[in-house]
Protein chains: 2
Amino acid sequence: MNLDDMAARLAELGHPTRLQILKHLMKAGYSGTPVGDIQAALDVPGSTLSHHLSRMMKVGLIRQERESRTLYCFSNYDAINEVINYLMDECCVNDERCG
Amino acid sequence: MNLDDMAARLAELGHPTRLQILKHLMKAGYSGTPVGDIQAALDVPGSTLSHHLSRMMKVGLIRQERESRTLYCFSNYDAINEVINYLMDECCVNDERCG
DNA sequence: AAATTATTTCTAGAAATATAGAATTAACAG
DNA sequence: CTGTTAATTCTATATTTCTAGAAATAATTT
């Protein structure tokens, strides 16, 4: 995963509503959360929510699964771990002061 | 640290040039890097770089220390750890399926 | 087939961000 | 005080993103 893709993911995390969405889905874990429940929890217009979800989908931060009329959302733990690892790896590799 | 501040930090990380800056500073560790060296490494106009650095400063992602004419930049490890911890904590707390 | 529920796409205006040249400030050297 | 190096601020333009109402689609129920 390259720098541009990482930046894209971080940019999507960098919006209050989307960060709230992610936290909600992180807490929900593998049970997931219907779009409608997210909307109720965050009190945001459907069209706005849909816009944010679509952006998060595009960079792989979340995943969706339809079950009849209800669309369940899940946070993508792998994607989030990739971001975290990317931030931390190579820490201090060019620092002569560090062992 | 609240959600809006976290989102602000993540948004600053979510730009290719700024993410590159951060990676550069992460690698440099406690030795830091002069603004001019960053500019040379990333090949970006001074005014553009300055704009990005100022944004990163504002949310506490980096720190600067002047030494005569040279301005050294450092990544703020605490700030980055706060972001990482924020993303991970409360994971699955509402998931009945998880122990 | 009509109605209902769940969600998305379309649309458009407002706001924020990105970019980089030119002018400016800061710190020092001669 | 003039010149030089290091970096920022000013300015303007281009681009992207945000927001939410209205219209449309999807899946189901009656």
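Treat the numbers as computed from the prediction; the structure is a model and nothing was measured. All chains are named by letter (A, B, ...) in the order of the sequence lines, taking the proteins before the strands, and each is independently numbered beginning at 1.
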Mind listing the N/O atom pairs, protein and nucleotides 20-24 of chain C, below 3.5 Å?
from, atom 1, to, atom 2, distance (Å)
C:dA20, N7, B:Ser47, OG, 3.2
C:dA20, N7, B:Thr48, OG1, 3.4
C:dG21, N7, B:Ser47, OG, 3.1
C:dG21, O6, B:Ser47, OG, 3.2

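- Put simply, NE2 on A:His15 and CG on B:Asp4 are 9.5 Å apart, with the number rounded to the nearest 0.5 Å.
- A distance-only check finds no donor-acceptor pair linking the side chain of B:Arg9 to the backbone of B:Val83 [under 3.5 Å].
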Quiz item: Please walk me through it: do B:Leu13 and A:Leu13 pass side chain to side chain contact (heavy atoms under 4.5 Å, CB included)?
Solution: CA-CA 9 Å; B:Leu13 290 173; A:Leu13 290 174; over 6 Å; no

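- If you check residues 53-73 of chain B against DNA chain D, the residues with a heavy atom closer than 4.0 Å are B:Gln64, B:Arg69, B:Thr70, B:Leu71, listed by number.
- Contact between A:Cys73 and A:Leu25 at its shortest, heavy atoms only, is O-CD2, 3.5 Å.
- Contacts between residues 8-22 of chain A and DNA chain C, counted as heavy-atom distances below 4.0 Å, involve no residue at all.
- When only modelled atom types and interatomic distance are considered, A:Asp5 and A:Asn2 share a side-chain donor-acceptor pair under 3.5 Å.
- From A:Ile80, atom CD1 reaches atom CE of A:Met26 across 4.5 Å, with rounding to the nearest 0.5 Å.
- Residue A:Tyr30 comes nearest to A:Phe74 through the heavy atom pair O-CE2, 3.4 Å, listed as atom of the first residue, atom of the second, then distance.
- Between A:Leu42 atom CG and C:dT7 atom P there is a gap of 13 Å when expressed in whole angstrom units.
- Nearest heavy atom pair, residue A:Gln39 against residue A:Pro45, reads NE2-C, 4.0 Å.
- Residues A:Gly60 and A:Ala79 share a closest heavy-atom pair of O-CB, 3.2 Å.
- Protein chain B touches strand DNA chain D; the 5'-most and 3'-most nucleotides with an atom under 4.0 angstrom of its non-hydrogen atoms are D:dT4 to D:dT9.
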Exercise. Under the side chain to side chain contact (heavy atoms under 4.5 Å, CB included) rule, what do B:Ile38 and B:Gln20 come out as? Steps first, then yes or no, please.
Key: CA-CA 9 Å; B:Ile38 301 176; B:Gln20 259 191 290; over 6 Å; no

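- Between B:Met6 and B:Met1, the closest side-chain pair of non-hydrogen atoms falls below 4.5 Å.
- Residues satisfying the side chain to side chain donor-acceptor pair (under 3.5 Å) test with B:His51, not counting sequence neighbours, are none.
- Counting any heavy atom pair closer than 4.0 Å across all strands shown, B:Gly46 reaches a base atom.
- In this structure, B:His52 reaches the C:dT19 phosphate: one of its side-chain N or O atoms is under 4.0 Å from OP1 or OP2.
- Here A:Val93 sits alone; no ILVMFWY side chain lies under 4.5 Å from its own, so it joins no hydrophobic cluster.
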